[in-house]
A.B. asks: 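Have a look at this one.
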Amino acid sequence: MTARPWIPRLPRPAWLVLGGDALSAVGSGMTLPFLLVYLSQVRGIDVGVAGLAVATVALAGFAGNPVGGWLSDVIGSRRALVCGLLVSAVGAFTVTLVRDPWHAFAASAVVGVGLALVTPAQDALLATVVEPRQRPTVFAVRNATLNAGYGVGGVAAAFIADLGSAQSFVVLYVVDGCTFLLFVPVLIVLLPDAGRATRRTDAATAPTSPARRGYRAVLRDTTFLQVWVLMAFLVTIGFAQTLSGFPAYATGDGGVGAHVVGIAFAANTFAVVLLQLPVLRVMTGHRRTTGMALACTFWAVAWVVTAIAGTSGGGSLAAVGLTAALVVFAVGETLLAPSQASLVNDLAPDDLRGRYNGLYTLAWTTGLMVGPALAGFALGAGHGRGLFLGLAAACLVAASLTWGLGRRLPAHLDVVASVRDEDPVDRRP
């Protein structure tokens with residue numbers, strides 16, 4: 001008898017949000033990897049200036065993330081998400097109008113603000129449309145659907161993008177804008193009540209006085225601050241390096257072409273989509289911090305493999321090694337996904353959930369700014385192999401920090417809860 005595949009039973013609102021998120025990820029997967037190429041090679045802007053314009057996307061997050069968190073608490077995460085999606089759509093459409101350098105900076109800023117508003121609002125919304133014990137599951141599933149969307153978008157872009165045709169890139173960014181807009185009716189029509197403050201508040205996290213409200217209250221949560229520092233560190237030595245150090249090292253010291261990097265990223269995406277649910281099932285009932293420490297260990301192995309592959313002289317051996325490195329990295333991603341965002345939302349009281357997610361997203365923004373700068377400095381000095389061996393060592397340090405976090409967390413917050421088959425399918429927010 002064939003075993004029935006394990007599909008998490010989540011409420012209908014959660015699947016609607018996940019579906020809308022995956023749809024917008026398709027558009028982002030089509031466009032974000034090509035923004036620098038579009039500005040420099042299609043619109044003829046100096047590559048140095050274009051690079052600064054692309055950096056504006058991340059810089060906008062430093063202002064947009066806290067604003068997105070605050071807005072989620074003030075008007076509700078659903079309405080804040082709608083605002084973010086509308087701004088993101090405007091940003092995508094604005095990119096098609098770029099002709100001069102100042103246009104590029106303005107369009108990139110709008111794109112960055114939109115994305116910065118979307119992320120904390122969406123995390124807060126996902127956390128409120130499920131029961132607390134379902135949060136590890138819903139965020140793990142989101143990691144899989146997000147990667148699936150990015151993968152589909154990347155494949156679609158490969159067929160549409162043509163460096164000799166500006167119109168092909170206009171099509172990409174128009175489609176990107178439309179994927180944001182198509183998510184909006186789902187939120188307005190199908191989820192009219194989602195994202196409002198829940199009526200049931202955990203006594204352990206309930207606000208005791210008006211003084212607790214606001215970002216000052218979040219900054220007084222020392223456990224959250226430890227999570228924040230750890231995540232900023234992990235993004236710096238992990239996710240940011242896949243986007244900056246890895247491709248630069250692979251095509252430089254590694255001696256492989258851009259097509260090999262593309263294959264490695266495709267393998268990474270496919271591995272996340274394929275492995276996320278089985279890994280989630282294995283992690284159920286185990287400690288979150290154990291999963292996070294294991295993720296750091298897998299990343300350390302991935303960076304050691306990268307360092308070795310980069311010294312193999314190019315060719316098929318380097319290609320196989322670099323691809324294997326990103327597959328190993330993907331295993332770490334699947335171990336991390338059920339723990340990070342769900343833990344933040346378990347720490348957050350209902351009236352500060354948006355602000356907690358806003359500052360948590362800022363940890364990612366910080367890592368995505370520091371990581372490329374670190375990689376650029378090391379690679380520019382000719383220390384590519386040393387960079388990745390150093391990153392491997394840093395991952396082991398992060399694993400030890402994760403164990404330290406586990407000693408601070410209450411036992412009930414450090415467990416990936418189970419979602420039983422008999423759980424109700426719908427939760428009416």
Side-chain angles (χ1 to χ4, degrees), residues 20-68 71 79-122 146 149-150 152-154 156-158 160-188 243 358 361 364-365 368-369 372:
D21 182 36
L23 177 62
S24 60
V26 171
S28 296
M30 293 173 64
T31 56
L32 287 179
F34 291 101
L35 185 55
L36 179 61
V37 173
Y38 168 74
L39 295 177
S40 60
Q41 298 188 37
V42 177
R43 293 307 185 190
I45 297 172
D46 178 78
V47 67
V49 176
L52 291 175
V54 173
T56 305
V57 175
L59 284 172
F62 283 101
N65 292 152
V67 171
L71 199 62
R79 293 185 180 91
L81 179 53
V82 169
C83 293
L85 292 169
L86 293 175
V87 174
S88 296
V90 170
F93 296 144
T94 303
V95 170
T96 67
L97 305 176
V98 169
R99 297 296 184 275
D100 298 318
W102 76 268
H103 295 163
F105 281 97
S108 296
V110 177
V111 170
V113 169
L115 295 176
L117 293 176
V118 163
T119 306
Q122 188 160 260
L146 199 63
Y150 286 145
V152 171
I160 297 173
D162 179 1
L163 290 176
S165 170
Q167 191 61 34
S168 68
F169 283 87
V170 169
V171 170
L172 287 180
Y173 283 97
V174 168
V175 172
D176 184 24
C178 290
T179 61
F180 289 117
L181 293 180
L182 289 173
F183 193 179
V184 172
V186 173
L187 297 170
I188 294 176
L243 301 174
T361 305
W364 280 77
T365 303
L368 291 174
M369 286 292 294

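All values reported here derive from a predicted model rather than from experimental measurement.
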A.B. asks: So, for Leu39 and Ala50, which heavy atoms are closest and what is the spacing to 0.1 Å?
C.D. replies: CB-CB, 3.9 Å
A.B. asks: Does any N or O in the side chain of Thr96 come within less than 3.5 Å of the main-chain N or O of Phe93, such that one atom is a donor and the other an acceptor?
C.D. replies: yes
A.B. asks: Mark yes or no for whether Asn65, through its side chain, and Ala116, through its backbone, hold a donor-acceptor pair below 3.5 Å.
C.D. replies: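 Judged by distance alone, yes, a pair lies under 3.5 Å.
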A.B. asks: Are any of the side-chain heavy atoms of Thr361 and Pro120 separated by less than 4.5 Å?
C.D. replies: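 Answer yes - side chains close enough.
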A.B. asks: Are the side chain of Arg43 and the backbone N or O of Arg99 linked by a donor-acceptor pair below 3.5 Å?
C.D. replies: no
A.B. asks: Between Thr56 (side chain) and Leu59 (backbone), is there a donor-acceptor pair under 3.5 Å?
C.D. replies: no
A.B. asks: Is the shortest side-chain heavy-atom distance between Ile160 and Met30 below 4.5 Å?
C.D. replies: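 Yes, side chains in contact.
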A.B. asks: Mind checking whether Leu115 and Phe180 have side chains closer than 4.5 Å, heavy atoms only?
C.D. replies: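 Yes, side chains in contact.
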A.B. asks: Quick one: closest heavy-atom pair of Phe183 and Asp21, and the distance?
C.D. replies: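 Looking at all heavy atoms of both residues, the shortest contact is CE1-N, 3.6 Å.
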A.B. asks: Scan Asp176, Thr31, Val95, Thr94 and name whichever one has a side chain to side chain contact (heavy atoms under 4.5 Å, CB included) with Val111.
C.D. replies: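 Answer after filtering Asp176, Thr31, Val95, Thr94: Val95.
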A.B. asks: Roughly how far apart are Leu117 CG and Ser88 OG, rounded to 0.5 Å?
C.D. replies: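 With rounding to 0.5 Å, CG (Leu117) is 7.5 Å from OG (Ser88).
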A.B. asks: Which atom pair, heavy atoms only, marks the closest approach of Met369 to Ala55?
C.D. replies: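 Closest approach of Met369 to Ala55: SD-O, 4.5 Å.
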A.B. asks: Donor-acceptor pair, distance only, cut-off 3.5 Å: does the side chain of Ser28 make one with the backbone of Ala25?
C.D. replies: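 No, the answer is negative, given that no donor and acceptor are paired below the 3.5 Å cut-off.
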A.B. asks: To check you understand the geometry: which heavy-atom pair defines the closest contact between Val118 and Gly84, and what is its length?
C.D. replies: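 Taking Val118 first and Gly84 second, the nearest heavy atoms are CG2-C, 3.4 Å.
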A.B. asks: Enter the distance from Ile45:CD1 to Leu52:CG here, rounded to the nearest 0.5 Å.
C.D. replies: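 Reported value, rounded in 0.5 Å steps: 11.5 Å.
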A.B. asks: Taking all heavy atoms of Val113 and all of Ala60, pick out the closest pair and write down the distance.
C.D. replies: N-CB, 3.7 Å
A.B. asks: Which heavy atom of Val98 sits nearest a heavy atom of Ala107, and at what distance?
C.D. replies: CG2-CB, 3.9 Å
A.B. asks: Once rounded to the nearest 0.5 Å, what's the spacing between atom CG of Leu86 and atom CG of Leu181?
C.D. replies: 6.5 Å
